[in-house]
Amino acid sequence: MEVLLVLVLLLIAVQRSECVQCFVHFDLVSGQCDGELGEVDKDDCCQNPQYGYKTEDGVCHFCGRLVWSTWSPWSHCNVLCGEGVRQRHRKCFGIGDSGCNNIVEKLQTEPCSGVCCEDKGWGLWLSWSPCSVTCGESGVRKRERVCSSPPECHLACNGPSKETQNCSPQSTCPVHGGWSSWSNWFKCSGLCIDEQRGDVPTRTRHRSCSSPAPSNDTVPPGDRCPGQGFQVQDCSELPNCPVDGSWGAWSPPGPCSVTCGEGLQLSTRMCNSPAPKYGGRLCEGSSARSSVCQSPCPVDGFWSGWSSWGECSSSCIPEGRPPVRTRRRSCSNPTPSSSPRGKGCQGDDSQTENCNNLPNCQVDGGWGSWSPFTPCPVTCGMGPQVSVRRCDSPAPRHGGQPCLGEGRRTSVCATNVHCPVDGVWLDWSPWKPCKYPFGDKEIRCKQLGGKQTRDRLCHPPAFNGSICSGAEALTETRVCYDVNRCVLKGSWEGWEPWSLCRPPCGGSPQRARRRYCKPDYSNYNPTIGRQKIPAIFFGNPNADCGFVTLAEKTEVQPCINVPPCP
């Protein structure tokens, strides 16, 4: 049995409330939540009584004790002309809001007269918009009108504020051209491929802009077909044309037959420019020849002039290293002899310099690392922790794009400590009967001062909250005369204000007022005691203002056009 009890307690301990959207602020006027923390357990969210939460139906709820909102402004009269009513409402927020379902506490209704008997309602229709299409068969055009009445008379504007109407454009839509199918390929322009000239025969095919042809009689005219009306293709499958052999260039003369003075040099050539192919003829003539030579002296090399500077390696200056450009020179003025070998040129054959006059390249921004989350900012309940990152890796420069995304993220931290709930004063109790302060002497209807008290309770604090402020305010005392049911002379003081409509909705509401018969307290001293404290006349005396009928001292009116209860 003890084991079963432990299991039940464990199940109760792990049971959680529903998951809700938690907010750090609840507006007691509008009932809206603000400053979302995230989705958490409802009990965790309401560890702070100042927080609010939103359920799946989208309604915001207050975590604190029950409290009424302020009354809304009075609505406009619900009729345009004649007798009607206007209403105002308030809402109840807090834990246990089922205790706020009394319609009399939430809604007030009073009569009013419509002031819009002569109201004109809608203004004139504005001009029609252009037709939604400029050509073709049918489109739509729109027009609007504005309610010219003041806000309290907007009910006079019945019907729609916008109208639509079919419209026909004045012109025919242009017909844009479309290509026909391709024709068959025509014959090749030759019978073989001329390898020497690189000439490959081709064949062509055609198509026409006629499916459909573009219109010329519309405004604007139709667009012509995009692209070309013909295609060309190489006839690469044809045989090669015969190539006759032709001598190549003579080779450079060979070494001179003597090291100094006059000798002979031998040159050769080959039948390879081109070589005979595909049945072509062989070369005619000799393949070798000789010439007189003298042994040359060595020639040292010397630089030619510098070339112009080349293009820069980039059109803009990137981060870190500027682009460069280069110029060159050659060892050819003259070229050093090779046999016998002359001395080469001294120095570099190229020069490089930075391109410093270019604009800087755009640098798009890049996010840096997320910072650690800030410490939990609250000591009770739940709170937001923040982590940030900066667009500095790199920062955008020279017109580069800023970083995409958010630079701030939040997380929810839980202290698992309920926030203190301070005590709040409950409403004052009714005043207790007016009694003689020194014993049990009867003072009703006598000109003897008394005293009465009332008290109030402090709704107890919770979770180490503060008690209600001002402990001396638990009880209030005042001096009084007991005039309850006393017969006094009186005088009529006119009518009291009309009451609100009861009930405030549905049914057959009425309002009432009565004539006030003011009792004559002239025989009573207006102050009591040595300190001359102003006296209160407590109770409901039977003031005699002379006989009048019930109809003469009470008026009741029906409330007209009261809406049904929500």
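The basis for the numbers below is simple: all heavy atoms, side chains too, and nothing from hydrogens, waters or symmetry mates.
- Scanning both residues, Arg207 and Pro226, for their nearest heavy atoms gives NH2-O, 4.3 Å.
- One finds the CD atom of Glu311 at 9.0 Å from the SG atom of Cys355 (value rounded to the nearest 0.5 Å).
- Side-chain atoms of Ser307 never come within 3.5 Å of backbone atoms of Arg329 as a donor-acceptor pair (strictly under, hydrogens ignored).
- Summarising the local packing, CG of Asn354 is surrounded by more than 12 heavy atoms from other residues, nucleotides or ligands at distances under 6.0 Å.
- Pairing each heavy atom of Glu83 with each of Ile560, the nearest pair is OE1-CG1, 3.5 Å.
- Rounding to the nearest 0.5 Å places CD of Gln401 at 5.5 Å from CG of Asp364.
- The closest side-chain donor-acceptor pair between Ser161 and Glu144, if any, does not fall under 3.5 angstrom.
- The pair Arg86-Glu110 meets the salt-bridge criterion, since a charged nitrogen lies less than 4.0 angstrom from a carboxylate oxygen.
- Ionic pairing of Arg325 and Glu353 is present here: one or more N-O contacts between side-chain nitrogen and carboxylate oxygen are shorter than 4.0 angstrom.
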Problem set entry | Criterion salt bridge (charged side-chain N to carboxylate O under 4.0 Å, His left out) on Arg90 and Glu105, from CA distance to verdict | CA-CA 8 Å; Arg90 63 178 178 175; Glu105 296 290 335; 3.2 Å; yes

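- The closest side-chain heavy-atom distance from His459 to Trp425 is not below 4.5 Å.
- In this structure, the separation between CH2 on Trp179 and SG on Cys209 is 5.5 Å, given to the nearest 0.5 Å.
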For this session: In sequence, state the C-alpha distance, the side-chain angles, and the governing distance for Ser69 and Phe93, and then conclude on side-chain contact (heavy atoms from CB on, under 4.5 Å).
Result: CA-CA 7 Å; Ser69 70; Phe93 305 119; 3.7 Å; yes

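- Side-chain contact between Val386 and Phe373 is absent, with no heavy-atom pair separated by less than 4.5 Å.
- Crowding of Arg397 atom CZ: a count of heavy atoms from other residues, nucleotides or ligands under 6.0 Å exceeding 12.
- Taking 4.0 Å as the cut-off between side-chain N and carboxylate O, Glu496 and Arg514 count as a salt-bridged pair.
- For the residue pair Asp57 / Thr55, a side-chain donor-acceptor distance below 3.5 Å is found, with atom types taken as modelled.
- Judged by the 6.0 Å and 45° rule, Arg478 forms a cation-pi pair with Trp431.
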For this session: Please test Cys380 against Cys419 for disulfide bond (SG atoms under 2.5 Å apart), starting from the C-alpha separation and ending with a verdict.
Result: CA-CA 5 Å; Cys380 63; Cys419 292; 2.1 Å; yes

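- Residue pairs meeting the salt bridge (charged side-chain N to carboxylate O under 4.0 Å, His left out) criterion with at least one partner in residues 400-413, sequence neighbours excluded, are absent.
- Side-chain contact between Ile317 and Pro359 is absent, with no heavy atoms from C-beta onward closer than 4.5 Å.
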Problem set entry | Worked verdict on Thr527 versus Ile533 for side-chain contact (heavy atoms from CB on, under 4.5 Å) | CA-CA 5 Å; Thr527 62; Ile533 301 174; 5.9 Å; no

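- Put simply, the side chain of Pro461 reaches to within 4.5 Å of the side chain of Ile467, judged on heavy atoms.
- Shown are Lys42, Glu56, Glu39, Glu36; of these, the side chain to side chain donor-acceptor pair (under 3.5 Å) with Gln21 is made only by Glu36.
- Cysteines Cys157 and Cys147 are disulfide-linked, with SG atoms closer than 2.5 angstrom.
- A donor-acceptor distance shorter than 3.5 angstrom exists from the side chain of Gln385 to the backbone of Thr374, with no hydrogens or angles considered.
- Using modelled atom types, one finds no donor on one side chain facing an acceptor on the other under 3.5 Å when comparing Thr475 with Asp455.
- Formation of a donor-acceptor pair under 3.5 Å by the Ser387 side chain with backbone atoms of Ser371 is found in this model.
- The number of heavy-atom neighbours closer than 6.0 Å to CZ of Arg454, taken from other residues, nucleotides and ligands shown, is above 12.
- The two residues Gly465 and Pro420 come nearest to each other via the heavy atoms CA-CB, 3.7 Å.
- For the pair Phe463 and Val417, the minimum side-chain heavy-atom distance is 4.5 Å or more.
- Asn561 is not listed as a side-chain neighbour of Val85, based on a closest heavy-atom distance of 4.5 Å or more.
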Problem set entry | Working for side-chain contact (heavy atoms from CB on, under 4.5 Å), residues Asn484 and Asn540 | CA-CA 5 Å; Asn484 194 37; Asn540 295 313; 4.0 Å; yes

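- Of all the heavy atoms in Trp367 and Ser393, the pair that sits closest is O-CB, 3.7 Å.
- Aromatic ring centroids of Phe23 and Tyr53 lie 6.0 Å or more apart.
- In this structure the side chain of Pro509 reaches within 4.5 angstrom of the side chain of Pro503, judged on heavy atoms.
- Closest approach of Arg141 to Ser129, counting heavy atoms only: CB-O, 3.4 Å.
- Taking CG of Leu426 as the start and SG of Cys468 as the end, the distance is 7.5 Å to the nearest 0.5 Å.
- Residues Cys33 and Phe26 share a closest heavy-atom pair of SG-CD1, 4.0 Å.
- Annotation: the span from Ile536 atom CD1 to Lys451 atom NZ amounts to 15.5 Å, rounded to 0.5 Å.
- Applying the ring pair (Phe, Tyr, Trp, His ring centres under 6.0 Å) test to His76 and every residue at least two apart in sequence or in another chain returns nothing.
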Problem set entry | Glu555 and Arg511: CA distance, side-chain angles, deciding distance, side-chain contact (heavy atoms from CB on, under 4.5 Å) verdict | CA-CA 8 Å; Glu555 284 188 346; Arg511 67 171 182 168; over 6 Å; no

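- Rounded to the nearest 0.5 angstrom, Ser350 OG and Arg328 CZ are separated by 5.0 Å.
- Counting only heavy atoms from C-beta outward, the side chains of Cys403 and Arg389 never approach each other to under 4.5 Å.
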